[in-house]
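The structure is given below, and queries will be raised subsequently.
Lettering of chains follows the sequences in order, A, B, ..., and the numbering in each one begins at 1.
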There are 2 protein chains.
Amino acid sequence: MDRREVVDTALGILGRVGLPDLTMRRLGTELGVQQSAIYHHFANKQELLGAVADEILARGPHTDTGDAAGWLDQVRAACHDVRAAVLAFSDGADVVSSMFAFGLGGREAYDRVDKALAGAGLAAETEDVAVRTLLHFVFGHAIAQQTAEQAARVGAIDASSDPDDFAAGLGLVLAGVAAAATA
Amino acid sequence: MDRREVVDTALGILGRVGLPDLTMRRLGTELGVQQSAIYHHFANKQELLGAVADEILARGPHTDTGDAAGWLDQVRAACHDVRAAVLAFSDGADVVSSMFAFGLGGREAYDRVDKALAGAGLAAETEDVAVRTLLHFVFGHAIAQQTAEQAARVGAIDASSDPDDFAAGLGLVLAGVAAAATA
DNA sequence: ACCTGAACACCGTTCAAGT
DNA sequence: ACCTGAACACCGTTCAAGT
């Protein structure tokens with residue numbers, strides 16, 4: 001058993017039953033091992049979730065827009081890719097967002113958007129603000145969607161979400177970034 | 001003991017020691033009551049946290065920009081007010097954001113921003129998208145800040161945050177909203 | 001080095017019973 | 001109606017002991 005196998009199994013549980021059921025006991029059982037054995041590969045659950053967050057992003061789509069595309073289309077594609085990656089697992093947005101905030105994972109999300117945004121020619125500080133602002137929206141929207149889906153399953157809410165809703169919100173933020181780029 | 005007293009005590013615990021230590025046992029102890037007694041006033045912990053989220057927003061500042069101010073300044077003030085409210089309690093941003101996503105509280109955040117944004121003359125659907133986009137940023141930024149503070153206390157990260165960082169990111173989003181309003 | 005087995009110190013929630 | 005007391009079914013983490 002190595003770190004990769006633990007992360008793979010954790011992702012399987014996350015995709016099937018979600019974060020509340022991703023317990024060290026269940027993880028140990030599916031690995032055919034005592035839960036305490038996991039602590040020989042990860043210091044604690046949070047460090048494990050950091051590795052899970054990294055793997056969620058790595059497994060997501062990596063759209064190549066081509067060199068002909070402008071920075072705006074590249075940033076849009078990067079945001080859609082990050083969104084697709086975290087939506088592929090139950091509570092994936094929550095896990096990646098939390099681990100990124102804690103500095104324990106999800107760095108790839110920042111790097112991908114940052115790289116795409118480099119062509120905009122913004123000042124370094126403004127570029128950093130723009131990347132984090134975009135990520136707040138991408139993660140926030142995905143968390144809200146996955147939470148609403150969960151709430152609907154419990155019966156607390158009606159689900160019904162507009163599939164174009166994300167693109168519309170992203171368009172608003174990107175319009176603001178574009179305004180800063182031309183100024 | 002009534003719901004108001006339970007929420008007040010819960011807010012005290014939240015402000016002093018944060019969400020992980022806001023347990024039903026501790027809440028019962030500080031109320032001078034068995035933990036099970038709380039279930040006579042709230043169906044479960046989540047419903048209680050929904051009421052806590054509402055109270056967090058109610059206790060925050062309610063800046064009056066005056067009638068002379070344009071919708072942009074009013075929206076900016078509403079966002080700063082919501083931010084100040086959730087930052088006043090440890091993990092306040094996380095609680096309010098989660099409860100809002102679950103439909104169990106925090107409705108006032110939406111209503112305040114929505115009311116301020118009404119003067120922009122956006123189409124109803126666009127206005128809704130803009131309000132939720134702004135809230136994703138406001139909540140996301142505050143959660144990241146409170147998480148970073150917590151991580152810094154544990155020693156996982158260096159804290160050092162620019163006090164103008166929020167205003168800069170909000171400015172980007174508002175520029176996008178303004179562009180949609182003039183179009 | 002890697003894992004077992006057992007324990008420690010907790011959780012949220014339920015429910016019969018009291019007043 | 002409101003609360004007690006006790007239990008149920010769990011958690012993450014630690015650690016001596018085995019191989």
Under 6.0 Å from the ring centre and within 45 degrees of the ring axis: does the NZ or CZ of A:R83 meet both conditions for the six-membered ring of A:F166?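 Satisfied, under 6.0 Å and within 45°.
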Donor-acceptor contact below 3.5 Å, side chain A:T182 vs main chain A:A179:
yes
With a 3.5 Å cut-off and no angle check, do the side chains of A:R112 and A:H62 form a donor-acceptor pair?
-> yes
**Message:** Could you check whether B:D165 pairs with A:R132 (Lys NZ or Arg NE/NH1/NH2 to Asp/Glu carboxylate O, under 4.0 Å)?
**Reply:**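 A:R132 and B:D165: salt-bridged.
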Got a donor-acceptor contact below 3.5 angstrom from the A:E55 side chain to the A:V7 backbone? no
Open item on the list: Counting only heavy atoms and a strict 4.0 angstrom limit, can you tell me which residues of residues 23-39 of chain A come near DNA chain D?
Closed with: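 By residue number: A:T23, A:M24, A:R25, A:Q35, A:S36, A:Y39.
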Contacted region of DNA chain C by chain B, from 5' end to 3' end of the hits, cut-off under 4.0 Å to heavy atoms, spans C:dC11 to C:dC15
Worksheet entry | Ion pair check, A:E30 and A:R25, cut-off under 4.0 Å |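 Not counted as a salt bridge, because no side-chain N and carboxylate O are separated by less than 4.0 Å.
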Check whether the side chains of A:D73 and A:T65 place a donor and an acceptor atom closer than 3.5 Å, and report yes or no.
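Result is no, nothing qualifies.
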On DNA chain C, nearest-nucleotide positions of B:P20 versus B:A43: which is more 5'?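 Comparing both residues, the 5'-ward one is B:P20.
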In DNA chain C, stems of three or more consecutive pairs, Watson-Crick or G-U, each with both distances under 3.5 Å, turn out to be C:4-8 with D:12-16, C:12-16 with D:4-8
Less than 4.0 Å between a side-chain N and a carboxylate O, is that true for A:D111 and A:R107?
->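 Here A:R107 pairs with A:D111 in a salt bridge, since their nearest N and O are under 4.0 Å apart.
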Between the side chains of B:R59 and B:D8, is the shortest nitrogen-to-carboxylate-oxygen separation below 4.0 Å, so that they form an ion pair?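 Answer for the salt bridge query: yes.
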C:dA9 to D:dA9 separation - P atoms, rounded to the nearest Å
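Per the computed distance, 23 Å lies between those P atoms.
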Between B:H80 and B:R76, is there a donor-acceptor pair closer than 3.5 Å when you use the side chain of the first and the backbone of the second?
yes
